[in-house]
Amino acid sequence: MPGGTLHIDWTLCDGRGLCTELLPELLDRDEWGYPLAVNGARDARSDVLVPAALTADARQAVALCPRAALRLLPPT
Amino acid sequence: MTQTIRTSVAGPSGSRRLFAARDSSLAAHLERFGPMPGDFDEGHLIAEVEGSGLAGRGGAGFPAWRKLMAASTASAAIASATSSPAARRLAKAGGPVVIANGAEGEPLSRKDETLLRAAPHLVLDGLLLAAATVRATEVFVYTTAASLPSVSKAIGERGDAAHVRLFQAPETFLSGEATAVVNAIGGGAAIPRDHIARMTSHGPSVGGLRGRPTLVQNVETLAHLALIARFGATWFRSIGRDGETGTRLVSVSGDVPSPLVFETEAGAPLSDTLLAAGVVPDQLRAVLVGGYHGAWVPSGELRRPLSRDSLAPFGAAPGAGILMALGTERCGLEASAEIATYLAGQSAKQCGPCANGLPRLADVLRRLAAREQTPWLPAEVERLALLVQGRGSCHHPDGTSRLVLSTLTVFAADVAQHLQGRCEVHA
């Protein structure tokens with residue numbers, strides 16, 4: 001059950017890593033600290049599918065991202 | 001769909017269409033193609049473009065009619081919506097924008113420059129037709145300094161294009177990326193930006209120029225549109241092979257007697273175009289198809305058509321019609337490492353995975369090309385190429401990754417040689 005997609009604006013992200021701590025089920029960090037979608041196709045790495053159960057965590061990640069680089073988009 | 005809109009002259013026969021006029025003047029243009037259809041139905045033109053199968057010639061190959069349709073729908077929504085505050089805000093932002101994109105940042109491509117020099121009136125016709133279709137209130141030609149004089153001369157020759165504004169594109173690899181084009185014209189740097197919504201659409205997350213529905217079309221796409229508006233979809237499709245329709249411009253470079261731009265039948269075999277450029281396909285090691293963001297096709301496969309279907313197994317596509325020949329005396333790994341180094345340098349450095357990953361990727365590929373005998377190099381090249389995919393606000397990391405992965409596949413035997421300190425080409 002999808003709860004939407006988490007859009008990463010890479011032009012804003014500077015790899016602080018807060019989102020990866022709040023959403024370890026979805027996001028890992030690469031060797032430079034940038035979020036790396038754990039699952040999903042490579043074309044879903046900027047728009048990460050969020051299961052409904054993780055929607056609250058995703059909202060928190062959006063709210064707490066120090067660079068305001070995340071947006072939670074409704075399911076299409 | 002098969003009825004033509006209005007023709008006073010017959011459409012060019014054969015594969016010389018865009019370059020059919022005897023010179024670049026308005027007189028030659030009118031004599032060869034007849035006047036631009038003045039009074040036409042927008043829906044009919046979009047249907048005709050759909051029927052033609054015209055795919056964008058800027059690189060992505062997106063169906064031209066769909067962008068036209070999306071911008072036209074957004075335009076109609078703005079025109080009719082006065083009820084909601086959001087619609088009023090949009091209407092206040094201004095009407096739709098159409099931009100002819102001739103930036104051609106790809107160093108191996110010369111077709112847009114050639115087209116703007118040889119047939120600027122076809123491009124202007126296509127631009128004005130697209131602008132009328134989406135009821136644009138602002139119209140631009142965005143191109144490099146070298147092409148501006150021919151466009152400006154052509155505008156001066158006719159009375160219906162005085163409102164077309166010229167904008168000089170910087171000579172960088174990414175300057176022609178659609179969001180970079182909009183950024184540049186909006187007063188910012190010619191670098192891509194993050195976007196969710198398609199730029200042609202309208203709504204809370206509009207990505208177009210200052211929040212307006214914005215149609216960015218490659219100049220060659222617009223020139224074809226000008227011909228389709230005159231001669232119709234059936235004429236357009238009367239040539240084209242292997243699922244491709246019409247003609248396309250192809251830039252041939254690399255190990256050829258001299259770099260050339262051709263108009264060819266879409267879907268023609270790569271070998272035909274190479275022969276026309278004076279190279280024997282058997283004497284090549286491979287051809288890079290699609291430019292620096294493209295993929296290698298090995299010499300044994302050059303009889304394949306320049307079509308989506310036939311090139312898909314190699315990860316290549318017709319794209320902007322770029323062929324770079326690699327002679328048998330040239331090392332594919334060295335050539336690819338050079339390109340990867342260039343591409344790493346052309347990153348706009350806005351997105352972490354691209355800014356960090358591309359230089360690393362280029363560096364490891366260079367070490368492999370230099371025959372450093374470190375067994376993990378190919379695996380590391382592959383890992384980095386896969387790591388950057390899909391992780392940028394534009395497709396620069398994806399295109400770079402495609403080229404590098406194709407290098408590992410097509411030159412796999414040479415990769416093994418290099419790890420032994422040898423090379424298939426260099427003794």
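Everything quoted here is computed from the prediction, not taken from an experiment. Proteins get letters first, then strands, A, B, ... in listed order; numbering begins at 1 in each.
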Testing the basics here: between [X] and [Y], what is the closest heavy-atom pair and its distance to 0.1 Å?
X        : Y        : answer
A:Trp10  : B:Asp194 : N-OD1, 4.4 Å
B:Gln389 : A:Arg45  : O-NH1, 2.7 Å
A:His7   : B:His195 : CE1-O, 4.1 Å
B:Ser393 : A:Thr11  : OG-CG2, 3.6 Å
A:Ser46  : B:Gly392 : OG-O, 3.9 Å

*Can you list the steps and then say if A:Glu31 with B:Leu387 is a side chain to side chain contact (heavy atoms under 4.5 Å, CB included)?*
CA-CA 10 Å; A:Glu31 56 227 77; B:Leu387 180 65; 3.2 Å; yes

*asked:* Less than 4.5 Å to any heavy atom of chain B: does that hold for the side chain of A:Leu73, its backbone, both, or neither?
replied: side chain

*Would you mind checking which part of A:Asp9 comes under 4.5 Å of any heavy atom in chain B, side chain (CB onward), backbone (N, CA, C, O), both or neither?*
both

*Side chain of B:Arg391, backbone of A:Pro35: donor and acceptor closer than 3.5 Å?*
yes

*With a 4.5 angstrom heavy-atom cut-off, could you sort out which part of B:Ile191 is near chain A: side chain, backbone, both or neither?*
neither

*asked:* Below 4.5 Å, heavy-atom pairs only: which of A:Asp14, A:Leu12, A:Leu36 has the largest tally toward chain B?
replied: A:Leu36

*asked:* Using a 6.0 Å cut-off, check whether atom CZ of A:Arg59 has over 12 heavy atoms from anything other than its own residue.
replied: no

